[in-house]
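These notes are about the structure you will find just below.
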Amino acid sequence: MTAAARFRGVIDKARPSPEWIADLRRRFPTEPEIDRVLTRKMERRSGPGFTPLPLERLVQGVTSLLKAELADPFEIVDARWLSGGASKLQMAFTLHWNAPGPDGVRTPQKTPMVLRMEPAESIVETSRQREFQLIRAMRGVVPVPPVYWCDADGAHLPYPALIYGFAEGVTKPTTAHSGVTGLGTHLPIDLRAQLAPQFVAHLAAIHTVDFRGRGLDAFAVPAAGSTDCALWGVNWWERVWEEDSDEDIPLVRLCAAWLRANLPVLDRPVVVHADYRLGNFLFTEHDARISAWLDWELGRIGDRHQDLAWTTSQAFGHLAEDGKTFLTCGLLPESAFLAAYEEASGLGVNAKSVHWYKVYNAYMMATLLFGTGYRVARGGKTHQDVLVTWLMGIGSMLLDEMRTLIEEAP
Amino acid sequence: MQMRPAIQIQSIVKAMTDVVLPALDPANKLAQEQARLVIGLLGLMASQLPTQFAFDCDELERLLAFSHELQNHAHGGAETAAAVTALAEAAAEAGRVLDGARSSPAEVEAAVRALRSLSGDVITQVHVDGEAAARAAVQAAVLRMSKAQLLRDRAAMLPQGWEPDPAAIPPLASLLGTAD
């Protein structure tokens, strides 16, 4: 085969061969748990799409899981679907059970819970094991819902899932309007003033907690003083682009090369939430208190600049009433946010690293929207392919932002 | 453009079939019937889309041959001659259009996909074993081409309402040169 013919070769991504999967794993080394999840996705790709599941099937799965976990009798009541988000199925229910108290003594309780389960393939393929471990590790650091059980491989449920406690609160004022996935929410001024200090303090707490000894064995720890963290991230998303994309995008190819040519050195590994923004926390309206941080599925041990770049994205904020001041996540001006973060965390902010992670985040989003979004909808793999397809339309704006970021790189 | 009608229609049909239709009141016969008609028409649209252009070209070619036959056969008075002249003018224009449409939309799309993919390979490889000057020149070319293309991509998605300042994006028809 000539070199030119090699480039023209066609790969059937809907029915990936074991050889191609192995080649991708070799070319794009990632954290072991990420590799496991992506490999599992590819090995199952040629299987059936997602078909609607009756609630009874999920109740059966939860029953099976709890029988394996609990010695005492229990009852699942009031099972119902929850909406929200574009990536996972959620079922709320109440568990009547003998719950352990702080002293270990079990007493009869009625606990509201949520089952969070993957579809056949998700717009973002992540590990329930990592999500479970990370939420559990953040208990006592920032408000998080309690997590109870994890079916990491779908041994009991149709697909991998976890069960966590139902947290009280709302993602936006009950009178506010916003778009899908909580984007475009505008908060009243007094509410902003109450939420903003908590928003900053919680991010600082996440970034400064000692993650060692907190049961995070599904995470690899990149070495300080190296570019491992950034490289693992680029490998992760370039692998996903190769696995999922249909129509190629020259700018995305350039972006991957640019990221590799400009890898930042990690100064200090920290817990990274990876989707820290308005819309991903709950607050109680009567006292404006943040009651739970959600959506930890992309979290990793990595570089705090990834969160800072994500949180300050233009997509998650809006202009203040003066029509000039841009508010980070609709809460406070970016300069005030970064200054407050530095003070609360004691950690510096490297503008060049923030810029690199803005490009990285744009690369990840382009991969998810154009690559994975197309692939899962084409395969009929989710419970809301129509939403995934709709979201593809925002991708061009995001690519244009990526283009500008590369042009303006320091 | 990744977000083509085929994938949009497939997703809509799945949402209608899996979610909307089962949620409709069984007693609302009109809603039940119209939901099924929506699914049916979308399915028809999906099946017609790939061949719509070929269908029109095929018809145009037949009509062109037919018009030549008519011109040969339609002898008569001044009114007939005037009508034949008008038909001949239209046929000449149609012939030019047909010549220009010899490549099907599917072939154009395939060529776009090939150039996207193979130029992507060049971009990746020049960053592996290319010289610094070549990498810089390639980067500049990619950014320049992407700027022009993304403006059109964003214009095509304007109806979705994502753009914070829609007035800053020119209408797609003007960018494509098809505006009246």
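Any value given below was found using the heavy atoms of this structure, including those in side chains, with hydrogens, waters and symmetry copies removed.
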Inter-residue atom distance B:Ile169.CD1 - A:Asp400.CG, 0.5 Å rounding: 7.5 Å
Residue part contacting chain A, namely of B:Glu163, when any heavy atom lies under 4.5 Å: both
Separation of A:Leu391 CG from B:Trp162 CH2 (nearest 0.5 Å): 5.0 Å
Which atoms of B:Ser146 approach chain A - backbone, side chain, both or neither, heavy atom under 4.5 Å: both
When A:Arg378, A:Met392, A:Glu407 are compared by non-hydrogen pairs under 4.5 Å with chain B, the top option: A:Arg378
Interatomic distance, A:Arg253 atom CZ to B:Gln125 atom CD [nearest 0.5 angstrom]: 8.5 Å
A:Leu53 CG to B:Asp18 CG distance, which is reported to the nearest 0.5 Å: 10.5 Å
Part of B:Arg4 within contact of chain A (heavy atom distance under 4.5 Å): side chain
Top contributor to chain A interface from B:Met16, B:Arg135, B:Gln139, B:Gln8 [non-hydrogen pairs under 4.5 Å]: B:Gln139
Non-hydrogen atoms of A:Val386 and B:Ala15 that approach each other most closely: CG1-CB, 3.6 Å
Side chain, backbone, both or neither of B:Gln10 within contact of chain A (heavy atoms, under 4.5 Å): side chain
Options A:Thr404, A:Leu254, A:Leu399, ranked by heavy-atom pairs under 4.5 Å with chain B, top entry: A:Leu254
B:Arg116 CZ to A:Glu247 CD distance, which is reported to the nearest 0.5 Å: 4.5 Å
Which of B:Val142, B:Leu150, B:Thr124 touches chain A most, by non-hydrogen pairs under 4.5 Å: B:Leu150
Heavy atoms of other groups near A:Phe326 CZ, more than 12 under 6.0 Å: yes
B:Glu107 atom CD: more than 12 heavy-atom contacts under 6.0 Å: yes
Check against side-chain contact (heavy atoms from CB on, under 4.5 Å), A:Leu251 and B:Leu143: CA-CA 7 Å; A:Leu251 181 62; B:Leu143 294 175; 3.9 Å; yes
Top contributor to chain A interface from B:Met145, B:Gln160, B:His127 [non-hydrogen pairs under 4.5 Å]: B:Gln160
Residue, of A:Asp385, A:Asp246, A:Thr51, that accumulates the most heavy atom pairs under 4.5 Å with chain B: A:Asp246
Derivation of the side chain to side chain donor-acceptor pair (under 3.5 Å) call for A:Ser396 and B:Arg154: CA-CA 6 Å; A:Ser396 302; B:Arg154 292 172 68 170; over 6 Å; no
Any donor-acceptor N/O pair, B:Lys14 side chain to A:Thr382 backbone, under 3.5 Å: yes
